[in-house]
Amino acid sequence: MSLVCRYLQHRLSLTVSELYSCSRFTHLWTADKNHDRSKFGSRFELSCKVGVFVRSQHCTALRSQLEMNDFCISIPKAGGYDVLTQLPLTDGDSSCGAQTKLFNIPDEEHVVVAVHATGVNYADICIRWGVYSSAKEYVGWPITPGFEFSGKVVEVGAKCGDDIAVGDEVIGLSLFGGYSTRVRVPARYLFKRPDTLSMNQAAALPCVAITAYYAIYELVHPRPNATVLIHSAAGGVGGMLVQMCKIAQCHVVGVVGSSHKVQAAKDLGCDEVIDKSTEELWRRCEQLQPRGFKAIFDANGSTVGESYKHLVPGGKLVVYGFHSYFPREGGRLGMMEMLKLGVEYLRSPSFTPLEMVSANKSVLAFNLSYLFDELDLLREAMNTIFQWLEKKQLRMPPVEAIPLDQVAEAHRRLESGKTVGKLVLVTSAAAAATADGDDQVKTEEVDVTPEPAATAAAEGTVEETKADE
């Protein structure tokens, strides 16, 4: 393709994957490519590159008794399950997210949390594969994944205020760094754990709930009685989308990929459920809604083109992932997997502004990791979600707990696309002490035979839980 054609394509058309990966929030890092990393100091480099942060001298050391075998999960390079490495934390070290550097948050405003559980999201797998855009922009290798966690506060910075204290049980958001027994995080990204949630449920909540909230209430703004289509309706994000759309008084059609997920989708509130394993998806959609849908929520990738076609005039397509582009087994992106990824990327539909104006349709895409500077939005979303939980308008998906030192098994399970609800990783202390009802801790063996590292050539394109095929 000539330079002129490339320029015209850039100016007049955006692929869905570009819409998803690129965001107005990327200026936080890319606006100054010639920045001087040395100004952040060696301690920050340690936290950002390895996932370990030496305990700040500004933190008040009000520490409860902790286990001596603290560790985090570090990924030194792109690859399969074998690159998930346990890195010991010694002398009070903690993992730390990238938001500390991005937003220049002082040491005195940080809190250290002894982690009970950390949520597992499909983005974590893409980080391991080396295809997650914000991980490459903000951290690089090595990296400790993990966006959400629950636990107990053990240290409080001198300027954290009176709203947080040692012993508080909290829910935390971190821009990476959550796969750890100890996390150091700015106090502003912590929320008191409500009594309606167990510790395991608390760790499973933020990413799926905020993703659904943002998609519905910030992007779509559905009116009552609007008919919407939700792909992967029995998954973590899908289940939240279903419930929140019902709160917004929408008529919800859910899509699942296998028969054993149909009842789960109905229980979440779907008015109609389409089982792709037994009926043709788009034919059934046309029977249910001949004119199309007011909004469609899609994280598949392969269905994006047809989803756009099945919008009514004035309809909105929300894209938050491309899960079907990636393998469901094997744990790594080898040569064939990378070739498939390249082919799928080239086949991604393009939407020109002229065509969208003529069709009166919109394509909206986002990546949750680029929203960490929207603190007011994050806190508004979490507070609203807590209210819905208290009023029993919203309920948590099933939560399955796996020990942190068996993270490879959790990744294998999520990649398979067979999970219902959410997986969390629990620390050894949590596994020994937890009695959270349905939050059962399962221990399984997984083959982590060393495999060649995958090439980190593709751009980040996936968010949240594995979508149904």
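The number of heavy-atom neighbours closer than 6.0 Å to CG of Asp376, taken from other residues, nucleotides and ligands shown, is 12 or below. Taking a 6.0 Å sphere around CZ of Arg379, one finds it holds more than 12 heavy atoms contributed by other residues, nucleotides or ligands.
By the 4.5 Å heavy-atom criterion applied to side chains, Leu89 and Thr181 are counted as neighbours. The shortest distance between side-chain heavy atoms of Pro206 and Ile171 falls below 4.5 Å. Counting only heavy atoms from C-beta outward, the side chains of Ile127 and Lys136 never approach each other to under 4.5 Å. Contact check for Met244 versus Leu394: side-chain heavy atoms found under the 4.5 Å cut-off. Residues Glu109 and Pro186 form no side-chain contact, since every pair of their non-hydrogen atoms from C-beta on lies 4.5 Å or further apart. In this structure, the side chains of Leu378 and Tyr189 come closer than 4.5 Å at one or more pairs of heavy atoms. Inter-residue side-chain proximity for Leu375 and Arg188 is flagged as met; some heavy-atom pair is nearer than 4.5 Å. By the 4.5 Å heavy-atom criterion applied to side chains, Val166 and Glu155 are not counted as neighbours.
Looking at Arg412 and Glu415, no side-chain N of the basic residue comes within less than 4.0 Å of a carboxylate O on the acidic one, giving no salt bridge. For Asp168 and Lys192, the salt-bridge test passes: some basic side-chain N is under 4.0 Å from an acidic carboxylate O.
At distances below 3.5 Å, not a single donor-acceptor pair connects side-chain atoms of Thr144 with backbone N or O atoms of Tyr179. No donor-acceptor distance shorter than 3.5 angstrom exists from the side chain of Glu409 to the backbone of Gln406, with no hydrogens or angles considered. Put simply, the side chain of Ser174 never gets that close to the backbone of Gly177: no donor and acceptor are under 3.5 Å apart. Within the 3.5 Å criterion, the main-chain N or O of Asp70 finds no donor-acceptor partner in the side chain of Arg182. No donor-acceptor distance shorter than 3.5 angstrom exists from the side chain of Trp141 to the backbone of Gly130, with no hydrogens or angles considered. Listed for the His110 side chain is a donor-acceptor partner under 3.5 Å among the backbone atoms of Pro106. Side-chain atoms of Arg128 do not come within 3.5 Å of backbone N or O of Pro145 as any donor-acceptor pair.
Ring planes of Phe147 and Phe372: tilted class, angle from 30 to 60°.
For Tyr308 and Phe351, the ring centers sit closer than 6.0 Å to each other. Annotation: Tyr214 is in aromatic contact with Phe366 [ring centroid separation under 6.0 Å].
No option in Val363, Thr303, Ile230, Val318 other than Thr303 meets the side-chain contact (heavy atoms from CB on, under 4.5 Å) test with Asp298. Checked against Cys72 for a side-chain contact (heavy atoms from CB on, under 4.5 Å), the options Thr85, Thr118, Leu87, Val183 give a single hit: Leu87.
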Is there a side chain to side chain contact (heavy atoms under 4.5 Å, CB included) between Phe297 and Ser307 once you walk through the steps?
-> CA-CA 8 Å; Phe297 302 89; Ser307 290; over 6 Å; no

Criterion side chain to side chain contact (heavy atoms under 4.5 Å, CB included) on Ser232 and Asn300, from CA distance to verdict = CA-CA 8 Å; Ser232 311; Asn300 285 332; 3.8 Å; yes

Test log, rule side chain to side chain contact (heavy atoms under 4.5 Å, CB included), inputs Leu175 and Tyr370 = CA-CA 9 Å; Leu175 188 54; Tyr370 288 114; over 6 Å; no

